[in-house]
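Structure, as structure tokens:
For the numbers below, each heavy atom of this structure counts, side chains included, while hydrogens, waters and symmetry mates do not.
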Amino acid sequence: EYIGALAAVLDITDRVRREQGDLQRAVNQFRQLLESAPDAVVVADATGKITLVNACTEKLFGYSRGELLDQYTDFLIPPEHRETHRQIRRRFARNPRPGFVGEGYELSGLRKDGSVFPAEVNLSPLQTEEGLQFVSTIRDITRRKAVEKHIQTNLNAQKVIGAILHLSLEDISLDAFLQRTLEMILDLPWLSLLKKGAVFLVEGEAEVLVLKAQVQLPDVLLERCAKVAFGQCLCGQAAAGREIVFADCVDERHETVYEGMKPHGHYCIPIVNDDHLYGVINLYLQDGHEATKEEDSFLKLVADALAGTIQRKQAEHTVRETESQLLAAQSIQEH
């Protein structure tokens, strides 16, 4: 039979204060850790709305903290990569695990000033009273990409130079060697070149360049540029202490256009060895592409390889001619 109740009332003020103090210390430690992180850290809820950022995020993206909070993370992604970003977020939501990285995806960040940078993003789950949150650490990998590109460019250049030197050892004529080398260069997928070009050599007349190899040049150029006299340098290249160029090296990016000559040719790379000019490589850039230092350096290496081979093959040809003349003279003498 129910006859009453006994209640025990305890004052838990001290305990609550201790718990609140512990919680505040934990929050402060978390914030200190967040602010000391070397990478940008963005915390977002399941919908992608930003709830917390650190100082590195402000510095990396150029936004203030107030401009970032309550915004959706998509606005930090270039428009062309936003769908990729959503795919990564959905994959992570299905299987949240620390250290998740968007493997196989090219990710980029969009700054407030509109500039874009390559980014590496790591995701980690964070359980809170408001539900599951996503912690993103974002790193600008522009420098790493540049180093990787530089290494890859050097490897590509070494492979091509090796192939050219190997080709130079084959028992083929100089013209055939130049033609195959030109075709090899134009087939390189990592060079932004049109599939056409030419190689000119100084032959016979000292101030005249003679067309020795070409790919897909129009008939008008084959006729007009079979032999081209030296002129003012339009490409900023110099050899043997004097400026060189030929009529096949003019377009709207150069200062001079020859009368009656259509704009054509962008790259003029002199083939020089020991201050002796052997010829010029003439190549064409794809529409909208600007010449780069990496391309220029690579093409100069190609020109150096050609110069050594041309010198050797011309010397071999001279030796063969001399031998032939000596044999003819010997035959005449014996007769």
**Q.** ILVMFWY cluster membership beyond Val116 - transitive side-chain contacts under 4.5 angstrom
**A.** Leu110

Q | Sidechain-backbone polar pair: Thr51 side chain, Val43 backbone, donor-acceptor under 3.5 Å | A | yes

Q: Sequence neighbours left out, what passes side chain to side chain donor-acceptor pair (under 3.5 Å) with Asp171? Give chain and number order.
A: none

(Q) Keeping Asp39 on the side-chain end and Glu120 on the backbone end, is there a donor-acceptor pair under 3.5 Å? (A) no

Q: List for me each residue that meets side-chain contact (heavy atoms from CB on, under 4.5 Å) alongside Thr73, sequence neighbours excluded, and say none if there are none.
A: Val42, Ala44, Ile50, His85, Arg89

Q. For Glu83, which residues count as a side chain to side chain donor-acceptor pair (under 3.5 Å) partner, sequence neighbours excluded?
A. Arg86, Arg90

Q | Whether Glu58 side chain and Arg65 backbone form a donor-acceptor pair below 3.5 Å | A | yes

Q | Residue pairs, two or more places apart or on separate chains, that pass ring-ring contact (aromatic ring centres under 6.0 Å, His included) and touch residues 53-72 | A | Phe61-Phe117, Tyr63-Phe75

Could you pull out all donor-acceptor pairs under 3.5 Å where a side-chain atom in residues 159-167 meets a protein atom, sequence neighbours excluded?
none

Side-chain donor-acceptor contacts of residues 176-183 below 3.5 Å, not counting sequence neighbours, with atom names and distances?
{"from": "Gln179", "atom 1": "OE1", "to": "Gln214", "atom 2": "N", "distance (Å)": "3.2"}
{"from": "Gln179", "atom 1": "NE2", "to": "Glu183", "atom 2": "OE2", "distance (Å)": "3.1"}
{"from": "Gln179", "atom 1": "NE2", "to": "Gln214", "atom 2": "O", "distance (Å)": "3.0"}
{"from": "Arg180", "atom 1": "NH1", "to": "Glu170", "atom 2": "OE1", "distance (Å)": "3.2"}
{"from": "Thr181", "atom 1": "OG1", "to": "Phe177", "atom 2": "O", "distance (Å)": "2.8"}

(Q) If hydrophobic residues (ILVMFWY) are linked whenever their side-chain heavy atoms come closer than 4.5 Å, directly or via other members, who joins Leu155 in its cluster? (A) Val147, Ile151

Q: Name all residues meeting the side chain to side chain donor-acceptor pair (under 3.5 Å) criterion together with Asp14; count only those two or more places apart in sequence or in a different chain, and write none if there are none.
A: none

Q) Got Asn273 and Asp304 here, is their nearest side-chain heavy-atom distance under 4.5 Å? A) no

**Q.** Hydrophobic cluster partners of Tyr2 (side-chain heavy atoms under 4.5 Å)
**A.** none

**Q.** N/O donor-acceptor pair under 3.5 Å between Ser36 side chain and Leu33 backbone
**A.** yes

Q. Can you list the residues that meet the side chain to side chain donor-acceptor pair (under 3.5 Å) rule with Arg17, with sequence neighbours excluded?
A. none

Q. By side-chain contact (heavy atoms from CB on, under 4.5 Å), which residues pair with Lys149, not counting sequence neighbours?
A. Thr153

Q. Are side-chain N/O atoms of Asp113 and Ser115 paired as donor and acceptor at under 3.5 Å?
A. yes

